[in-house]
Q: 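Dropping the structure in here first, questions after.
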Amino acid sequence: MKVEIYTDGACKGNPGPGGWGVLLRASGQEKELFGGELGTTNNRMELMAVIEALKSLKRPCEVDLYLDSEYVRKGITEWVHGWKARGWRTAAKQPVKNVELWQELDALVHDGVHRIDWHWVKGHAGHVDNERADGLANRGVEQVLSSR
């Protein structure tokens, strides 16, 4: 099954309350997902959006994944291989930040279940579906703030 996924993260302060948002589209249907955390960072929310999107897929898919985070795209397609080879350390021998999220994303991406094509889009540039994912991420922020 082919699926398009748009993800985004948001944070009010960095660190601060944050949210993640996902727009999934397949077979003419759409699904929106969002959530958040009180004490988090923008990078963590960008990672969570992709993780939650992939976890929501119930069968093997051909995925076109659109995101405005070069941190996530390059991290999972380029940097992760070196991190793993160095025991989850950076080239500067420092621990990888957000390691538990990177490990979860690595398992989801490299388990062979889905074929994923990664597409970077410029954030806040009027890309309709990226703007929708951004709006969902902001709903995630609102949700955690209202549940305090």
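Below, all heavy atoms of this structure are taken into account, side chains as well, without hydrogens, waters or symmetry copies.
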Q: Checking side chain to side chain contact (heavy atoms under 4.5 Å, CB included) for the pair Glu37/Met45: CA distance, chi angles, key distance, verdict?
A: CA-CA 8 Å; Glu37 298 173 6; Met45 292 297 93; 3.7 Å; yes
Q: Would you check if Val63 and Arg115 make a side-chain contact, meaning some heavy-atom pair closer than 4.5 Å?
A: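 No; the side chains remain at least 4.5 Å from each other.
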Q: Using the side-chain contact (heavy atoms from CB on, under 4.5 Å) definition, which of the options Asn98, Val80, Ile51 pairs with Leu105?
A: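 Looking at Asn98, Val80, Ile51, the match for Leu105 under the side-chain contact (heavy atoms from CB on, under 4.5 Å) is Ile51.
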Q: Would the distance check show the side chain of Asn14 and the main-chain N or O of Asn42 forming a donor-acceptor pair, the cut-off being under 3.5 Å?
A: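 Confirmed, Asn14 side chain pairs with Asn42 backbone.
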Q: Under a 4.5 Å side-chain heavy-atom rule over Ile, Leu, Val, Met, Phe, Trp and Tyr, are Ile76 and Tyr6 clustered together?
A: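 No, it is not one cluster - the side chains of Ile76 and Tyr6 are not joined through contacts under 4.5 Å.
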Q: Strictly by modelled atom types, are Asn138 and Lys12 linked by a side-chain donor-acceptor pair under 3.5 Å?
A: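 The criterion, which ignores hydrogens and geometry beyond distance, is satisfied for Lys12 and Asn138.
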Q: In terms of hydrophobic clusters joined by side-chain contacts under 4.5 Å, are Val50 and Trp120 together?
A: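 No, it is not one cluster - the side chains of Val50 and Trp120 are not joined through contacts under 4.5 Å.
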Q: Kindly determine whether Arg25 and Asp129 satisfy side chain to side chain contact (heavy atoms under 4.5 Å, CB included), including the steps that lead there.
A: CA-CA 10 Å; Arg25 186 177 293 132; Asp129 294 321; 3.0 Å; yes
Q: For Thr90, is there any backbone N or O sitting under 3.5 Å from a side-chain donor or acceptor partner on Trp83?
A: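 It does not hold such a pair.
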Q: I'd like to know whether CD of Gln29 has more than 12 heavy-atom contacts from other residues, nucleotides or ligands below 6.0 angstrom.
A: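 No, CD of Gln29 has 12 or fewer neighbouring heavy atoms, counting only those of other groups under 6.0 Å.
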Q: Test side chain to side chain contact (heavy atoms under 4.5 Å, CB included) on Asp64 and Lys2 and set out the steps.
A: CA-CA 8 Å; Asp64 279 308; Lys2 288 188 70 73; 4.1 Å; yes
Q: Salt bridge or not between Glu70 and Arg73? Use side-chain N to carboxylate O under 4.0 Å.
A: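 Yes, Glu70 and Arg73 are salt-bridged.
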Q: Starting from Val144, can I reach Met48 by hopping between I/L/V/M/F/W/Y residues whose side chains sit under 4.5 Å apart?
A: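 No; tracing contacts between hydrophobic side chains, which count when under 4.5 Å, never links both residues.
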Q: Quick check: is Val109 connected to Leu33 through a chain of hydrophobic side chains (ILVMFWY, heavy atoms under 4.5 Å apart)?
A: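 Same hydrophobic cluster.
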Q: Please check if Leu24 and Trp118 belong to a single hydrophobic cluster, counting links between Ile, Leu, Val, Met, Phe, Trp and Tyr side chain heavy atoms closer than 4.5 Å.
A: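 Leu24 and Trp118: one cluster.
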Q: Using the rule given for side chain to side chain contact (heavy atoms under 4.5 Å, CB included), can you reason through Ile5 versus Val22, listing the C-alpha separation, both sets of side-chain angles and the distance that settles it, and then say yes or no?
A: CA-CA 7 Å; Ile5 299 175; Val22 176; 4.0 Å; yes
